[in-house]
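Scroll down for the structure; my scribbles are underneath it.
Both ligands and their constituent atoms are indexed starting at 1 by order of listing. The model shown is predicted, which means the values in this text are computed figures rather than measured ones.
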Amino acid sequence: MNRIVISTGGGDAPGLNAVIYSVVKSSQARGWEVYGSRSGYRGLLELDELVRLTDEQVRDITPTGGTILGSTNKGNPFAMPVENLAGEIHLRDVSDRIMTNFNRMGFLCHIAVGGDGSLEIAHRFAVEKGMPVIGVPKTIDNDLEATQMTFGFDTAVSTATEAIDKLHSTAKSHDRVLIVEVMGRDSGWIALSSGISGGADIVLIPEIPFNVETICRKITDNELHGKHYAIIVVAEGACAEKSGRIHKKTDKSEIGRQELLLGGIGEWVAAKIRKNSGKDTRSMVLGHLQRGGSPTTFDRLLALRFGAAAVRMAENNQFDQMVSLVNGEMEAVPLADAIKQRKKVPLSSDKIMTAREIGICLGDY
Ligand code: F6P
């Protein structure tokens, strides 16, 4: 009987539980056993954190947010933060211990559900340690290459759109500029999709460095046309021409993270607008609201399809690959292709053209 292990790593995304459900059910249909590794690789590191996943564990989890296995974005086994007796944190490579446990458990393969960081680690295990891995593309940011879409993105966009919808009435009542900062480290997929759908006046994304004067001109233009308010959607990774991205201060608890925390660009833009135009301007950060809640129908279905396709790949010994959405169908693509770079919004894409054609300013002109 085959036995497989599944883990969920990196920032969570709506649909993770649907993938777990689908992997468990599809495996059971083949008479296989499934184990879940808690908090990314922790279950493979400490075997008491490994949990047998049966019907009972996964019953009714498809519509639920989060992950029943837990997740972490500080769990890179090649550089795991470990605290010594003096309270100092240093990074240790625990990958060999994970391989020993993986082999001891007799696993056929590891299904790693994650974004670019987690899939990079999975690929490293495949190449350097010979672990048979299959990736499943997860991230609300939708910035993974080699798949048309990741699961979690649709839900995040719906949440952001609903928030933008609600800002219109209050912005109008107070003649204010309201700025909403959404997630998206390197790519503006969430900002652009929700900004277009929610009727924003200005959308700022990492792919297009913005100019503060251009933004103020759009606000003035609104005024000239009798619209005394404006809605701006800004991705956390967006930045002004010739300036860097804005990071939050990090502390010791962040050691071992793959990336620095971003945040604060919304307030930065608000301060510039207040100074340049005198307009009453407020900003808000949507933050982790975008990662929470029940997955949309689209995300559930995508996640369930990804899970079942990953088990099919295991059956066919297709390892060091990722299940991917290509032209609406499930395909296996090399993990190396998925992680080689972040998927940006192409500047010539239909979404960019649509935004400009319906009068949304993207901060460049
Ligand atoms: O990768 C998804 C993401 O939501 C990014 O947009 C964001 O920068 C990051 O996760 C934040 O992660 P966390 O708050 O969990 O550290």
* To do: State which residue, out of K340, K343, Q341, fulfils the side chain to side chain donor-acceptor pair (under 3.5 Å) condition with E145.
  =>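 By the side chain to side chain donor-acceptor pair (under 3.5 Å) criterion, E145 pairs with just one of K340, K343, Q341: Q341.
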
Just checking, any donor-acceptor pair under 3.5 angstrom between side chains of [X] and [Y]?
X	Y	result
R356	Y365	yes
E267	S283	yes
T8	T67	yes

Quick test: of every protein heavy atom, which one is nearest to [atom], and how far off is it to 0.1 Å?
atom	value
atom 4 (O) of ligand 1	M183 SD, 2.8 Å
atom 7 (C) of ligand 1	E236 OE2, 3.2 Å
atom 16 (O) of ligand 1	R257 NH1, 2.6 Å
atom 12 (O) of ligand 1	R291 NH1, 3.2 Å
atom 1 (O) of ligand 1	D141 OD2, 3.3 Å

* Check each heavy atom of Q290 against ligand 1 and say whether those closer than 4.0 Å belong to the side chain, the backbone, both or neither. =>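 None of Q290 does.
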
* Asked: Do any pairs count as a ring-ring contact (aromatic ring centres under 6.0 Å, His included) and have a residue in residues 58-87, sequence neighbours left out, and if so which ones?
  -> F78-F125

With atoms numbered from 1 as shown, which atoms in ligand 1 lie under 4.0 angstrom from a non-hydrogen atom of [X]?
X	answer
G184	6 (O)
H288	13 (P), 14 (O), 15 (O)
N73	12 (O), 13 (P), 15 (O), 16 (O)
L261	16 (O)

* Should R185 and D141 count as an ion pair when the cut-off is N to O under 4.0 Å? ->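 Salt bridge between R185 and D141, a charged N being under 4.0 Å from a carboxylate O: no.
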
* Asked: Do NZ/NE/NH1/NH2 and the carboxylate oxygens of D55 and K25 come within less than 4.0 Å?
  ->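 A salt bridge links D55 with K25.
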
